[in-house]
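Notes for the one structure printed next.
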Amino acid sequence: METIWILGDQLVRCHPAFERVERSTARVLMIESAAHARRVRYHKQKLVFLFSAMRHYAEELRAQGWTVDYYREQPDFEAGLVAYLRQHRPSRIWLMEPNEYGVAELLKRLVAAHGLSLDILPTTMFISDRASFAARAQGKKTLVLENFYRRMRQMTGLLMEPDGEPTGGTWNYDRENRQVPPPDHRFPPLPRYAPDAITREVMDWVRRDFPDGYGVIEPFHWATTRAEAEDAYQDFIEHRLDLFGPYEDAMVRGQAALYHTLVSPYVNVGLLDPLVAARQAEQAYRAGKARLNSVEGVIRQFIGWREFIYQIYWLRMPEMAQANFFGDTRPLPHYYWDGETRMQCLRETITQLQQTGHTHHIQRLMVLGNFALLAGVLPQAVNEWFWLAYIDAYEWVTLPNVLGMSLYADGGFLATKPYVASAAYINRMSDYCQGCAYNPKQRHGEGACPFNSLYWDFLDRHRAKLFPNQRMRMMYAAWDNMDPQERTATLAWAATLLTRLEEL
Ligand code: SF4
């Protein structure tokens with residue numbers, strides 16, 4: 001009897017093993033591992049989402065005629081596997097290549113301990129190819145998304161014209177995507193999916209067995225079935241896609257979604273197919289329902305950035321996990337856990353994260369990551385925090401995004417320069433600074449925004465490493481042209497703040 005072992009982040013519609021076995025005799029194995037869920041203090045909604053989506057997926061497969069052996073609330077994978085093997089003796093166990101490094105080896109060892117072996121099939125959750133990505137990357141000191149993205153556009157034909165040129169004549173419309181909505185702008189509401197009996201049962205388990213998880217468990221509005229996930233994406237196309245581009249970098253108090261898709265949790269567990277989603281976005285453009293700069297931005301997320309970071313992860317593991325270019329060592333300040341800080345940008349973002357398990361990419365990059373980098377927090381501590389707190393985060397997501405892109409811990413393999421900014425950026429792109437306890441225009445002294453002195457101090461302390469980078473020259477020119485007394489006062493204030501990080 002053949003068995004297909006399906007992991008919690010592999011809930012795809014068309015599993016590659018489905019076409020290799022006989023549906024009437026094969027069995028599908030799914031195991032909930034509490035030990036896996038306890039590796040870090042995952043957000044409670046993330047656990048509810050994952051386990052509920054797994055249980056709903058098992059029902060989806062049963063409705064299609066598959067025999068599913070689903071092992072609930074097991075202490076670990078081995079306990080579930082042993083329970084399964086007590087009842088069944090598979091002739092063969094199929095597994096789709098896990099998304100995370102080391103998981104395949106772990107499961108292979110587990111299975112081998114019982115005298116069996118795993119047959120691993122290539123993943124269908126990504127459309128780029130590891131071998132050709134690795135071949136192109138060989139010998140390169142940095143990799144550029146834009147080159148990879150153009151190849152993906154050509155490969156898929158998305159937003160391409162018959163003459164081989166990109167639709168609209170330009171590959172990337174980011175320049176048009178940096179607007180801030182006016183204060184009276186009204187945002188469309190998000191679809192919400194009430195927890196059903198399956199989700200409520202999972203919530204009881206998470207409340208009971210994972211009380212220390214990050215954030216709050218309710219209200220829980222995430223989709224947990226494929227039909228709901230597809231509905232959520234259609235709602236985005238209908239109501240948010242058109243204005244996604246112009247406002248994608250803006251941050252607005254009290255607005256968790258703005259015009260973002262909020263479907264990354266679904267795509268990353270297989271409930272939504274990113275290529276199908278990208279084609280649907282293109283259709284909306286061709287039908288005149290959405291502007292090109294918005295559609296191009298969404299397509300770049302699905303087939304550009306997501307694929308790119310997945311490939312970088314596999315290319316650079318396992319050494320990437322230890323990267324620490326600046327040698328930072330500070331612990332993550334308490335407010336990343338409890339949200340209690342007078343810095344309004346951090347407070348708003350972290351409160352939203354606690355309540356939903358999600359914030360958009362600029363909040364992640366330019367508020368949370370930016371501050372951690374300026375403050376010199378240990379990259380591995382920041383990475384683990386993003387991994388546990390975000391509903392769409394997995395190791396393959398956070399290591400390139402957090403260590404590489406946000407913290408520059410890989411020394412510039414992924415990003416051409418560190419994404420650091422003072423309060424001026426946050427003040428321009430958000431309404432967070434209005435009413436904040438700190439003054440975004442003040443550089444030093446009581447009441448000065450901490451981002452300001454820490455920004456200049458960051459540049460100053462890492463001069464030897466960053467000055468040679470051409471893209472940093474303007475920042476260093478501004479610093480070097482500053483009045484020497486002002487520079488001294490700024491550095492002295494940054495030194496004071498670094499001793500009071502927990503009190504900001
Ligand atoms: Fe954040 Fe500084 Fe603006 Fe306050 S003033 S919201 S701390 S950037």
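All ligand and atom numbering here is 1-based and tracks the order in the structure. Values reported hereafter were calculated over all heavy atoms of this structure, with side chains retained and with hydrogens, waters and symmetry mates removed. Sequence positions, counted from 1, serve as the residue numbers for this chain.
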Audit row: Asn177, Asn293, side chain to side chain donor-acceptor pair (under 3.5 Å) steps and yes/no: CA-CA 7 Å; Asn177 291 351; Asn293 53 311; 2.9 Å; yes
Any atoms of ligand 1 less than 4.0 Å from a non-hydrogen atom of [X]? List them with their elements.
X	answer
Tyr432	6 (S)
Cys436	4 (Fe), 5 (S), 6 (S), 7 (S)
Met343	7 (S)
Pro440	5 (S)

Do Arg443 and Ser453 pair up side chain to side chain, a donor and an acceptor below 3.5 Å, judged on atom types alone?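 Distance-only check fails for Arg443 and Ser453.
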Distance only, no hydrogens: is a donor on one side chain within 3.5 Å (strictly under) of an acceptor on the other, for Gln352 and Gln363?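 Their side chains do contain a donor-acceptor pair, which is all the 3.5 Å distance test asks for.
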Would you call Arg500 and Glu446 a salt bridge, using N to O less than 4.0 angstrom?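 Yes.
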If you have a sec, work out which protein heavy atom is nearest atom 1 (Fe) of ligand 1 and how many Å separate them, to one decimal?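 Going atom by atom, the protein heavy atom closest to atom 1 (Fe) of ligand 1 ends up being Cys345 SG, 2.4 Å.
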Protein heavy-atom partner closest to atom 5 (S) of ligand 1 - residue, atom, separation in Å: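 The protein heavy atom lying closest is Tyr438 O, 3.5 Å.
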I'd like to know if atom 3 (Fe) of ligand 1 has an N/O/S atom from Cys433 within less than 2.8 Å of it, counting both backbone and side-chain atoms.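 True for Cys433.
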Have a look at Trp314 and tell me which of Trp396, Phe308, Tyr101 forms a ring-ring contact (aromatic ring centres under 6.0 Å, His included) with it.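 Only one of Trp396, Phe308, Tyr101 forms a ring-ring contact (aromatic ring centres under 6.0 Å, His included) with Trp314, namely Tyr101.
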Closer than 2.8 Å to atom 2 (Fe) of ligand 1: does that hold for any N, O or S atom in Cys449?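 Given the 2.8 Å cut-off, Cys449 counts as a ligand of atom 2 (Fe) of ligand 1.
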Check against ring pair (Phe, Tyr, Trp, His ring centres under 6.0 Å), Tyr310 and Tyr313: CA-CA 5 Å; Tyr310 174 75; Tyr313 170 77; 7.2 Å; no
